[in-house]
Amino acid sequence: MNSATCLKNSKDRFNNKSIISFHMRASEDFLRVGATVTFVGFIIVLLGIALTMLQHPASAQMGGLIMLGPIPIVFGSAPEITTNMLGLGLLITILYLFLWKTKR
């Protein structure tokens with residue numbers, strides 16, 4: 001068997017999905033499903049924010065919490081919302097640190 005035939009056979013094996021094990025295909029499927037669910041959830045949240053602002057433009061108060069690892073970043077349109085988000089962020093941080101400590 002010459003090197004060109006070996007190279008062609010290895011390319012065919014690489015591109016042929018039937019040779020890839022079931023576990024590899026399942027993980028690819030989970031990745032696609034996870035990305036799709038994340039994208040759809042993001043769109044639903046954005047639509048919810050837009051609809052709330054359209055229905056109640058003067059009284060709409062919003063806040064948010066962004067977690068970068070165990071560090072909360074908090075913002076809000078009113079002090080009470082910001083305080084609530086800060087409390088939620090601290091609660092999640094404490095829970096994260098507790099679970100991280102018990103894992104080790």
Output a table of donor-acceptor pairs, distance under 3.5 Å, between side-chain atoms of residues 33-52 and any protein atom two or more places apart or on a different chain; print 'none' if there are none.
| from | atom 1 | to | atom 2 | distance (Å) |
| --- | --- | --- | --- | --- |
| Thr36 | OG1 | Arg32 | O | 2.8 |
| Thr38 | OG1 | Gly34 | O | 2.8 |
| Thr52 | OG1 | Gly48 | O | 2.8 |

List the atom pairs, with distances to 0.1 Å, where a side-chain N or O of residues 75-87 and a protein N or O form a donor-acceptor pair under 3.5 Å, not counting sequence neighbours.
| from | atom 1 | to | atom 2 | distance (Å) |
| --- | --- | --- | --- | --- |
| Ser77 | OG | Met62 | N | 2.8 |
| Ser77 | OG | Met62 | O | 3.2 |
| Thr82 | OG1 | Ala78 | O | 3.0 |
| Thr83 | OG1 | Pro79 | O | 2.8 |
| Asn84 | ND2 | Glu80 | O | 3.3 |

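Ile94 belongs to no hydrophobic cluster, as no Ile, Leu, Val, Met, Phe, Trp or Tyr side chain comes under 4.5 Å of its own. Grouping Ile, Leu, Val, Met, Phe, Trp and Tyr by side-chain contacts under 4.5 Å, direct or through others, leaves Ile71 on its own.
One finds the CD1 atom of Ile92 at 12.0 Å from the CG atom of Leu97 (value rounded to the nearest 0.5 Å).
Under the rule for a side chain to side chain contact (heavy atoms under 4.5 Å, CB included), Leu91 has no partner lying at least two apart in sequence or in another chain. Every residue meeting the side chain to side chain contact (heavy atoms under 4.5 Å, CB included) condition with Leu95, not counting sequence neighbours, appears here in chain and number order: Leu99.
Here the closest non-hydrogen pair linking Pro70 and Thr93 is O-OG1, 2.9 Å. Residues Gly89 and Met67 come closest through the heavy atom pair O-CE, 4.2 Å.
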